[in-house]
Amino acid sequence: MHELSIAMSIVELAEEYAAKEHAEKVTELEIEVGDFSGVVVDALEFAMEEAVKGSICEGAVWKIIPVHPLARCSSCGHTYQPESLFQPCPACSGFGAEILRGEELRLRSIMVE
Amino acid sequence: MCDTCGCGEGGEAIILRKPGREGAHIHLDGEHAHHHEHGHDHEHEHEHKHSHDHPQEVRGREVVIEQNILSKNDLLAERNRGYFEAKKIAAFNLVSSPGSGKTSLLERTITAMKGKKGFYVIEGDQQTMHDADRIHATGVPVIQINTGNGCHLDARMIHEAVKELDPGEGSVLMIENVGNLVCPSLFDLGERKRIVVMSVPEGDDKPIKYPTMFQSSDLCIINKTDLLPYVDFDMEKVKNYARQVKPEMEFIEVSVRTGEGMEQWYEWIEKNGDALG
């Protein structure tokens with residue numbers, strides 16, 4: 001359940017930015033979660049419900065935006081969409097691709113008032 | 001309330017303790033201690049509002065953040081790393097499933113090498129001082145972090161533990177993470193190298209079942225090789241799987257029980273403990 005620490009970090013980040021904006025309330029959060037981020041979206045949803053309680057984010061809606069992976073083969077340079085971290089390159093069957101996208105775990109934006 | 005000191009801290013607080021000083025401990029609660037106080041009155045009548053197509057009912061102004069959610073941990077980890085570098089401390093983060101033999105590996109290693117190198121140990125477990133007590137018996141300084149319900153160590157816990165432990169210049173700091181092949185993979189502690197320990201009875205498909213952990217590790221120790229005759233475990237297969245996830249992975253096969261392969265591991269520590277990160 002590291003998703004709970006992650007949810008709490010999201011709320012903390014949002015609180016920080018909301019304070020800078022002198023906002024009273026956070027009404028929406030946009031969170032990017034890569035398929036290879038190591039986070040289970042369902043668990044994060046559940047953890048968010050707990051994490052927002054009693055915070056400036058209580059009552060906010062959150063959008064979890066999935067980020068699908070993109071990899072570049074380190075042998076032949078081919079770019080492809082891997083389904084797992086151990087999928088070989090479809091062009092040359094090499095392993096050890098550079099993950100260009102899909103490991104994101106980012107708070108993209110919040111709406112405040 | 002804290003069952004050690006009765007100080008009113010919740011049972012989920014993170015606690016640092018040293019063997020022989022059972023009474024003294026530190027609560028690492030900080031900003032994280034206020035969660036989960038709900039008395040299971042979950043009524044769930046609040047709608048799950050995470051819709052992807054809600055109309056324009058959201059009010060207010062947008063603040064663009066674009067920040068990594070783990071950035072705080074990563075910053076603290078870098079701070080730890082800088083401290084270790086300045087003091088020439090080689091910090092190794094040992095991760096594995098429960099029961100792979102991390103503590104036994106450390107006991108044997110420390111006993112064999114403590115004449116040559118200064119060792120310091122941070123033990124991470126949800127509960128108990130058992131592991132710290134075992135390391136304490138080898139005669140090196142150790143601190144136990146009890147994470148309560150937490151499933152991993154994070155950079156802040158290490159930061160606090162290192163302040164207490166005060167590892168000496170040029171020493172080796174072994175951090176034994178909570179036994180878990182999932183969560184600790186996401187949390188950089190500031191270590192020089194991450195070492196994933198697995199054992200023969202766990203099966204040879206661990207690297208592709210838990211690829212994130214193997215991808216983020218530098219060395220894979222395969223322990224309990226004395227059990228190879230009794231179980232179906234294909235050494236080449238496990239290495240191939242691990243290389244699929246991490247092509248540059250190093251491997252050391254050991255039996256902590258018989259001592260087989262341990263020399264190679266000691267050489268690895270010598271080599272990576274001296275190289276400046």
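All chains are named by letter (A, B, ...) in the order of the sequence lines, taking the proteins before the strands, and each is independently numbered beginning at 1.
Interatomic distance, CZ of R61(B) versus OG1 of T27(A), reported as 10.0 Å (0.5 Å rounding). The CG atom of N73(B) sits 9.0 Å away from atom OG of S5(A), with the distance rounded to the nearest 0.5 Å. Within the model, atoms NZ of K20(A) and CD1 of I65(B) stand 8.5 Å from one another, a figure rounded to the nearest 0.5 Å. Here the straight-line distance linking atom CD1 of I69(B) with atom CG of L105(A) works out to 4.0 Å at 0.5 Å rounding.
Only the side chain of E103(A) comes within less than 4.5 Å of a heavy atom of chain B; its backbone N, CA, C and O stay farther away. Of the atoms belonging to I31(A), it is side-chain heavy atoms, and not backbone ones, that fall under 4.5 Å from chain B. With a 4.5 Å cut-off on non-hydrogen atoms, S84(A) does not touch chain B at all. Contacts between F214(B) and chain A at a heavy-atom distance below 4.5 Å are absent for every atom of the residue. Residue S185(B) does not touch chain A at all, counting heavy-atom pairs closer than 4.5 Å. For chain B, the nearby part of E16(A) is the side chain; its heavy atoms alone come within less than 4.5 Å.
Within a 6.0 Å sphere centred on CD of E24(A), heavy atoms belonging to other residues, nucleotides or ligands number 12 at most. Counting heavy-atom neighbours within 6.0 Å of H78(A) NE2, excluding the residue itself, gives a total above 12. For Q81(A), the CD atom is loosely surrounded, since the number of other residues' heavy atoms within 6.0 Å does not exceed 12. Sparse packing is recorded around CZ of R79(B), with 12 or fewer heavy atoms of other residues, nucleotides or ligands lying under 6.0 Å away.
Nearest heavy-atom pair, G60(B) versus M111(A), reported as atom, atom and distance to 0.1 Å: O-CE, 3.6 Å. Across all their heavy atoms, G96(A) and P247(B) have their closest contact at CA-CG, 3.2 Å. Annotation for F86(A) and Q244(B): closest pair O-OE1, 3.6 Å, computed over non-hydrogen atoms.
You'll find the side chain of Q215(B) stays beyond 4.5 Å of the side chain of F36(A), heavy atoms only. The shortest side-chain heavy-atom distance between V39(A) and L186(B) falls under the 4.5 Å cut-off. Residues E66(B) and R108(A) are in side-chain contact: their nearest non-hydrogen atoms beyond the backbone lie under 4.5 Å apart.
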